[in-house]
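Reading through the structure tokens given below for one structure.
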Number of protein chains: 2
Amino acid sequence: MKKLFPLVTTDIALFTIQDRSLRVLMVRRANEPEFGKWALPGGILNPGDDAHLDATAQRVLSGKTGVDVPFLKQVATFSGAARDPRGWSLSVLYYALLPSDQVHAVAGRATDAIEWRDAYAPGSGLAFDHADLVDAALAMLRDKVSRAALPLHLMPARFTLTELQQTCESILGRPLDKSVFRRRLKDELCIEQLPGEFVYGAQRPAQLYRAVNGFRF
Amino acid sequence: MKKLFPLVTTDIALFTIQDRSLRVLMVRRANEPEFGKWALPGGILNPGDDAHLDATAQRVLSGKTGVDVPFLKQVATFSGAARDPRGWSLSVLYYALLPSDQVHAVAGRATDAIEWRDAYAPGSGLAFDHADLVDAALAMLRDKVSRAALPLHLMPARFTLTELQQTCESILGRPLDKSVFRRRLKDELCIEQLPGEFVYGAQRPAQLYRAVNGFRF
DNA sequence: ATAATAGTGTCTCTGAGACACTATGTA
DNA sequence: TACATAGTGTCTCAGAGACACTATTAT
């Protein structure tokens, strides 16, 4: 029987920083089709519950990971007759950023098998066209950061400038000059110093900063 | 009765240059809902015919205007229960560029009432959320051009550098410096001089150029 | 010659990059 | 003290902007 309506889903590329490298959350599928393959977390639109697709994405992500992200951005819409064996399908891709100090909250909550994969090498044999989706989300994230946007949603509540720089480097995949990076930050209004708060390690302590609340990515 | 499936449509913001200003094609709706209001050309996905949504957009635009555009780019997806009185709907917005020497081909072919409206002031009382859609498409176009992309798909087959500059100015909404603009073009590989071809007017003739075929926007 | 537009030359200023330098903690 | 990392100063270079200048046609 021919389908008259497409299957409408959302998929979410949830990024975080782990071990100083950019990771994306993948889940192992527990149902057909593509049973056992790894995919981005995603779910089917429920017109009765969801006011709009952003709400679908929030609901799906919350259900799969237990995390409510403060920030969810549409990347692109993938569609066609060939991408899902069940028939004509349409998926709206979002990306979200998880602060690095909340990574473990996700892992603990999940019921299915999940993995944080290197965003630049999420593995071969992913379900559906999800390799393309990861690429698209990553490209959008990289693009934003390369245009001087700061990925503050990936940072913990308090962070040093070196940590912020390392996060940007993980996203861009290339080293940045410390002096240049900090010079740019002078003009930014979205981070603020925490006076008197430092990280003490085996060297000179580093000044702590935080995101100004109300910043936008 | 509650809808279980959303209405899936595509809308297209077709831009062109007319009288040196950026225009967008609007059509007057001939059916309920929003009968008589002006809207972007759009149409419903047909899973049986359309291999993917890009094909839907091509088909819809071709049907409404008789023009096959060489270039159709996804902008964003708009969705929700409130935007269409028929119920939960989802629309994938595309934009396309029509060379200014083909504007009249569209006007001649259309069956419904159509108008080329100023893209920066498409009118009040547009159908659905189409005022937002125009804004989004325009923002994406402006963004591209402000990042040094050349809107060659808006140009006729042969054009002068002054015409190209005026097109960019129409999109950006601000004047550009001639010297700066041309200096940038020196490094661009996407346009080429047509040796010996000039436009003769009431002044010094202007060199003609064309887009290198295979350029990408 | 004059008007009008096409097209170029050049000065300045800003910001990115490179990289050396200073500062301040621990061991 | 040495060492490691935090943080700053400075030189250079490339590109943007502003704007004056030259070039070439019609009238």
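Chain letters run A, B, ... following the sequence lines, proteins first, then strands; residues in each count from 1.
Taking the ring-ring contact (aromatic ring centres under 6.0 Å, His included) definition, one finds that A:His52 meets it with nothing, sequence neighbours left out.
Between A:His153 and A:Phe215, the angle of the ring planes lies from 30° to 60°, which puts this pair in the tilted group.
D:dT24 atom C1' lies 5 Å from atom CZ of B:Arg204, rounded to whole Å. In this structure, A:Gln203 places its CD atom 5 Å from P of D:dT5, rounding to the nearest Å. Whole-Å rounding puts the B:Leu176 CG to C:dG7 P distance at 17 Å. For the pair A:Leu172 CG and C:dG17 P, the interatomic distance rounds to 11 Å; values are reported in whole Å. D:dA6 atom C1' lies 10 Å from atom OH of A:Tyr209, rounded to whole Å.
Using modelled atom types, one finds a donor on one side chain and an acceptor on the other under 3.5 Å when comparing A:Tyr120 with A:Arg142. A donor-acceptor contact closer than 3.5 angstrom links the side chains of A:Thr162 and A:Arg182. Between A:Ser21 and A:Ser170, the side chains place no donor N or O within less than 3.5 Å of an acceptor N or O (distance only, hydrogens not considered).
Between B:Glu169 and B:Arg174 there is no salt bridge, since no side-chain nitrogen of the basic residue lies less than 4.0 Å from a carboxylate oxygen of the acidic one.
Here A:Asp118 contributes atom CG and A:Gln18 contributes atom CD; the two are 10.5 Å apart, rounded to the nearest 0.5 Å.
Between B:Ala206 and A:Ala202, it is B:Ala206 whose nearest contact on DNA chain C lies nearer the 5' terminus.
In the region residues 159-167 of chain A, proximity to DNA chain C at under 4.0 angstrom, judged on heavy atoms, holds for none of the residues. Proximity of residues 177-192 of chain A to DNA chain D (heavy atom under 4.0 angstrom from any strand atom) is restricted to A:Lys178, A:Ser179, A:Arg182, A:Arg183, A:Lys186.
Closest of all the heavy-atom pairs between A:Val69 and A:Gln58 is O-NE2, 3.1 Å.
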